[in-house]
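Report on one structure; see the data block that follows.
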Amino acid sequence: MFAHWVTCRLAVGAIPLPLPFANDTWLFCERRSREAAGLRLLVLKDFAAMSFVAHYLRPAEHFVDVGAGVGSYTVLAAAVTAARVTAFEPAEAAAAALMRNVAFNELAGLVKCRRIGVSDASGRGYFPPAAGGRLRADPCAEGEGVVRLQRLDEALGDDVAQVLKVDVCGDELEVLRGAQLTLQRPGLDAVIVGTGRGCRGLAPRWHRVCALLERHGFEPADYDPFERRLLRPAGLSDKGLFVRGRRADAIMRRVERAEGFWPTEDLCV
């Protein structure tokens, strides 16, 4: 009876859908969400970028996930590499799913979840409860959808990240403008940024994102997970990888030495 009840509830989307994930972990997603569709098709929705995270990070290093969503990058970094993770997610439903996935995979000792928005100024903001909305600063916001805003430099303090991922529905530029000190720190070797590919009007902002990162010494790259090599970008993907240019050779040596991980039970990368 219980199994039948669960099956029926899953069928109508009433409870989150559990999906197998890397290294015998699980992610719970809303059944009709883009995240669930991507995981069902690809297991790792951003195969190259997520493989880079798994190959680059080492135990106790620091991965910062801005716009964590339900936690695919967060769970990957903590479960596969035993890195510490600071995950920021302002949307109430996504933040609840993030914490559920961290708890279910027994990663609470490695992951700090923060339900705040990250932007170029600290204060108060509004995040629409409906899916697909964008965070905006609003010092007068009240009621449902109000979130605290904080600059990433302020949120992290002196805690240096080795890899930073920013994927916030088109507001990546604002996040990076509030992360100038973070980007300057020599311990940060890579930044992964949502490109907003397919979103109208975001192309000029993407050029400004690239220019900002290049001013801090980061260069765009592609990553071949099977050859463990950094490549020149062939085109715009869903996530843009940037590596510290003067550290490119050291980064290559590090990923070459990394242990493999299992995106699925049949594939080791």
Side-chain angles (χ1 to χ4, degrees), residues 46 48-50 52-53 55-58 60-69 73-74 77 81 83-90 112 114 116-123 125 134-135 137 148-197 202-223 230 232-233 236-252 254-255:
D46 307 317
M50 297 181 89
F52 177 85
V53 169
H55 290 156
Y56 176 85
L57 287 169
R58 299 293 186 268
E61 291 186 337
H62 191 199
F63 176 68
V64 174
D65 191 356
V66 180
Y73 275 84
T74 289
T81 74
R84 297 182 299 114
V85 182
T86 304
F88 298 90
E89 177 50 58
K112 181 188 299 183
R114 302 194 61 188
I116 64 172
V118 180
S119 190
D120 54 358
S122 298
R134 290 176 61 180
L135 180 69
R148 178 187 173 197
L149 296 181
Q150 199 168 24
R151 293 168 53 250
L152 190 62
D153 287 340
E154 180 183 332
L156 296 180
D158 295 328
D159 197 357
V160 179
Q162 278 67 54
V163 180
L164 166 65
K165 172 237 164 189
V166 181
D167 187 10
V168 289
C169 301
D171 293 324
E172 289 78 11
L173 184 61
E174 285 74 15
V175 172
L176 294 171
R177 283 172 173 166
Q180 301 292 317
L181 293 178
T182 300
L183 295 170
Q184 290 173 14
R185 296 188 186 278
L188 179 64
D189 269 351
V191 182
I192 297 166
V193 187
T195 64
R197 184 177 65 164
L202 289 184
R205 293 176 63 83
W206 177 246
H207 292 311
R208 292 199 289 272
V209 165
C210 295
L212 187 156
L213 289 169
E214 288 168 2
R215 286 197 299 272
H216 286 280
F218 291 93
E219 299 175 358
D222 278 345
Y223 182 61
L230 294 171
R232 292 186 180 276
L236 191 63
S237 60
D238 289 336
K239 297 290 185 298
L241 172 64
F242 295 79
V243 298
R244 183 84 67 182
R246 59 182 171 78
R247 290 267 302 154
D249 290 341
I251 293 169
M252 286 273 286
R254 173 184 266 236
V255 298

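FYI, side chains are in, hydrogens and waters are out, and symmetry mates aren't considered; it's all heavy atoms of this structure.
Between His216 and Leu213 the shortest side-chain heavy-atom distance does not fall below 4.5 Å. No side-chain heavy atom of Asp167 sits under 4.5 Å from any side-chain heavy atom of Asp46. In this structure the side chain of Val166 never reaches within 4.5 angstrom of the side chain of Val118, judged on heavy atoms. The shortest distance between side-chain heavy atoms of Met50 and Tyr73 falls below 4.5 Å. A heavy-atom distance below 4.5 Å is found between the side chains of Glu174 and Arg205. Using a 4.5 Å cut-off on side-chain heavy atoms (C-beta onward), Gln180 and Arg215 make no contact.
In this structure, OG1 on Thr86 lies 6.5 Å from CZ on Arg84, to the nearest 0.5 angstrom. Atom CG of Asp189 and atom CZ of Arg244 lie 7.0 Å apart (nearest 0.5 Å). The line from CG of Leu230 to CG of Leu241 is 6.5 Å long, rounded to the nearest 0.5 Å. To the nearest 0.5 Å, atoms CG (Asp120) and CG (Asp153) are separated by 11.5 Å. Taking CG of Leu188 as the reference point, atom CZ of Phe218 lies at 4.0 Å (rounded to 0.5 Å). How far CG of Asp159 is from NZ of Lys112: 6.5 Å, rounded to the nearest 0.5 Å.
Using modelled atom types, one side-chain atom of Glu61 and one backbone atom of Arg58 make a donor-acceptor pair closer than 3.5 Å. Of the possible donor and acceptor atoms, none in the side chain of Gln150 sits under 3.5 Å from a partner among the backbone N and O of Ser122. A donor-acceptor pair is defined here as one N or O able to donate and one able to accept, closer than 3.5 Å; no such pair exists between the side chain of Arg148 and the backbone of Ile116. For the pair Glu219 (side chain) and Val243 (backbone), a donor-acceptor distance under 3.5 Å is absent.
Each of Val64, Ile192, Val53, Thr74 was evaluated against Lys165; a single residue qualifies, Ile192, per the side chain to side chain contact (heavy atoms under 4.5 Å, CB included) test.
Between Asp158 and Arg185, at least one side-chain N (NZ, or NE/NH1/NH2) sits under 4.0 Å from a carboxylate O, which counts as a salt bridge.
The nearest pair of heavy atoms linking Trp206 to Gly194 is CZ3-O, 3.8 Å.
Ring planes of Tyr223 and Phe52: perpendicular class, angle over 60° (limits at 30 and 60°).
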Review point. Taking it one step at a time, do Phe63 and Thr81 satisfy side-chain contact (heavy atoms from CB on, under 4.5 Å)?
Key: CA-CA 10 Å; Phe63 176 68; Thr81 74; over 6 Å; no
Exercise for review: Would you check, one step at a time, whether the test side-chain contact (heavy atoms from CB on, under 4.5 Å) holds for Glu172 with Val66?
Suggested key: CA-CA 9 Å; Glu172 289 78 11; Val66 180; over 6 Å; no
